[in-house]
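Single-structure report; data block below.
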Number of protein chains: 2
Amino acid sequence: MVFAVGLMSGTSLDGIDAALVEIEGTGTKTKVKLVEFITYPFTKKTIDKIKDVFSIKTSSVEKICSLNFELGYLFGNAVKEVCKKADFSIKDLNFVASHGQTIYHLPSPEKSQFASTLQIGESAIICEMTKTTVISDFRTRDMALNGQGAPIVPYSEFVLYQDTNRIRLLQNIGGIGNITIIPPNAKLENVVAFDTGPGNMIINALCEKFYEQKYDKDGQHAANGKVNENLLKEMMDHPFIRKKYPKTTGREEFGSEYTETLLEKWQDKIEPKDFVATATMFTAKSIVENAKPFIDDQTDFIIGGGGSYNKTLVRMIQKQIPNVLVKIQEEVGFSSEAKEAIAMVILGNQTLHHLPSNVPNATGADKPAILGKITYYD
Amino acid sequence: MVFAVGLMSGTSLDGIDAALVEIEGTGTKTKVKLVEFITYPFTKKTIDKIKDVFSIKTSSVEKICSLNFELGYLFGNAVKEVCKKADFSIKDLNFVASHGQTIYHLPSPEKSQFASTLQIGESAIICEMTKTTVISDFRTRDMALNGQGAPIVPYSEFVLYQDTNRIRLLQNIGGIGNITIIPPNAKLENVVAFDTGPGNMIINALCEKFYEQKYDKDGQHAANGKVNENLLKEMMDHPFIRKKYPKTTGREEFGSEYTETLLEKWQDKIEPKDFVATATMFTAKSIVENAKPFIDDQTDFIIGGGGSYNKTLVRMIQKQIPNVLVKIQEEVGFSSEAKEAIAMVILGNQTLHHLPSNVPNATGADKPAILGKITYYD
């Protein structure tokens, strides 16, 4: 039996997701069982340090050098914590698969720059703390093949969710929204995946600003508000929404600068709860617009990620596609919170077996490739 | 037969050293043969970009993200070039071992920072360009064990230079000077290594400033100048010189800011050639002061690195230790230029075999460990 911990730290900076997983087999024969899951929280100080290195203005080589190691220690702690919670001896761990914290993603750079991506959270530190082999840096190889290095979860979704009869559509709503469409009996080359636009990123930024809350719990603020159609139209006019796939986006397009610009223009005209409602509808509508060409009434539309707990957001999506079965990931049998961390274990397992795990149709890469780097403990 | 290319890009930014090496065995039974060597030059533009990310002020997350990939392409080109020069088919290459470009090294950080180091030159890019397994990031694991992550070459020196009768002292003079002392019949735990202080770093900065030359060719400027004893004393008073080993230094202590400060104070009082002569004597004297406790007249004092071509520097060293046999690395049978790139192959070979290659006595690490991360091509 092989046990592994998958680590994911997303753009929303909620903390480090750590999933202790039992895994066997490889490729389409992979079977996984979630043993335990935790989110190891970041302190306010750590969040500030990460935000510092997100920004061109406040980042520096010294901060990035230091934070790479600091996050390594936190990732190592997250592994220890999830094992402890499961009463599982860390000595029996076979590997750790760590996504790291993306601090920059530049898939379509300006002329003097190179297409690139940067994740930090030093694997050598995790390796030494856990005395286990660590696989890390899953996005760079795909970009070396002219892919966008994102999305990263479709391979694991293909392995775990494919069905013989029904279209399985997986909509993850984290900071960013991303979709994976798996036709019935699909081969890897039939899987399509791309970012749909913002997920919770704008909603969270508004809740922070208006209510000093990290997110809109259960979608309550949005439920109390009213969608402003003019603002919604302006948001939907963002060129990313109707861009053809493969496409990826991030904090660079929908981060704090984007929200700040919206606020400057609209803050005096719209009530906070209406602002949140409109941002929520923007996320819902951008998802549905992007999903529509791929779905029929034989589709399972499965929503995961933090956004799946936002009831208003889920209701807004369902209302626009009344004939499609909209489900929450938990209803299908997988933990929504743990999904990306579990995906890392599946990717790391492939890497250890020298097997590929990117989805060229999703990332735009020239071909499948072994992702990630291996730091062997012994 | 195993063929590999080792890549090194040092603090002096001369370019990428690429050594095509035939290697067999592991550990003390390692045998290497240098097949071909090139220095793949950096353009002025690339040098400026690297210098930009060295500096806290001018660096940014975007520049580092992009340059990591850009250097990956240049490292990949260097591999192709050295194979081409040797008329060696890149398909027959078994692996590439890449040190990367150090852009920051923080072994003894201030309170809010973490001990850390950062090398760039994305291995996934090298991997895809050369269609070969790449081993990279050799310094981080040692730092995870409370080592300084430097020096990095002593393991290879131990393997290649140990002797049954004589002390082998290896003094590398790159941007920084570093020494390795291998007692007769040494075991790994008897090997001592540390940085002695600046190598060519100050000399080169002065030649750039006074003569618009990258370095003091053959030590000619120094030969024409006269050592200023007051300036020399001030330089020798730098606390690093008499610090106890293990110790490492870098651009942070002896880089452009250090030289600028010296120039401000002394420029009007000393002629350029005397300034260069004094800086050269400083390098010589700091090396000898650090070496003295370890040598006797049964010692081979072997000088390597770019500084070994500076005849004035070598002469200054010999003059201070008249009873010791001072040799240049080429006289012992190894290319001085290629030494560090060859060392990377030895380290990478250890990593591929899951074997350690740090020298705890040199770095201060708690114990030996497998260094580096492996990016498998297939």
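Bear in mind that the values here come from a model prediction, so they are computed numbers and not experimental data. In what follows, chains are A, B, ... by sequence order, proteins preceding strands, each numbered from 1.
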Legend entry - Inter-residue atom distance A/I64.CD1 - B/S116.OG, 0.5 Å rounding: 11.5 Å
Inset, instruction - State whether the side chain of B/S66 and the backbone N or O of A/F114 hold a donor-acceptor pair below 3.5 Å, judged by distance alone. - result: yes
Inset, instruction - Supply the atom-to-atom distance B/D137 CG to A/D137 CG, rounded to the nearest 0.5 angstrom. - result: 8.0 Å
Legend entry - Nearest non-hydrogen partners of A/I56 and B/S60, listed with the distance: O-CB, 3.6 Å
Legend entry - Separation between CD1 of A/I120 and CG of B/L118, rounded to the nearest 0.5 Å: 9.5 Å
Inset, instruction - Measure A/Y377 against the heavy atoms of chain B and call it side chain, backbone, both or neither at under 4.5 Å. - result: both
Legend entry - Spatial distance of atom CG (A/D378) from atom CG (B/L355) [nearest 0.5 Å]: 11.0 Å
Legend entry - Segment of B/C65 engaging chain A (4.5 angstrom heavy-atom cut-off): both
Inset, instruction - Calculate, to the nearest 0.5 Å, the distance between atoms CG and CG belonging to B/L106 and A/N68 respectively. - result: 11.5 Å
Inset, instruction - Tell me, out of A/A369, A/A144, A/S136, who's got the most heavy-atom pairs with chain B below 4.5 Å. - result: A/A144
Inset, instruction - Answer yes or no: does atom NZ of B/K51 have more than 12 heavy-atom neighbours from other residues, nucleotides or ligands under 6.0 Å? - result: no
Legend entry - B/R141 side chain to A/E128 backbone, donor-acceptor under 3.5 Å: no
Legend entry - Contacting moiety of A/T58, where chain B heavy atoms sit under 4.5 Å: neither
Legend entry - Spatial distance of atom SG (A/C127) from atom NZ (B/K373) [nearest 0.5 Å]: 10.0 Å
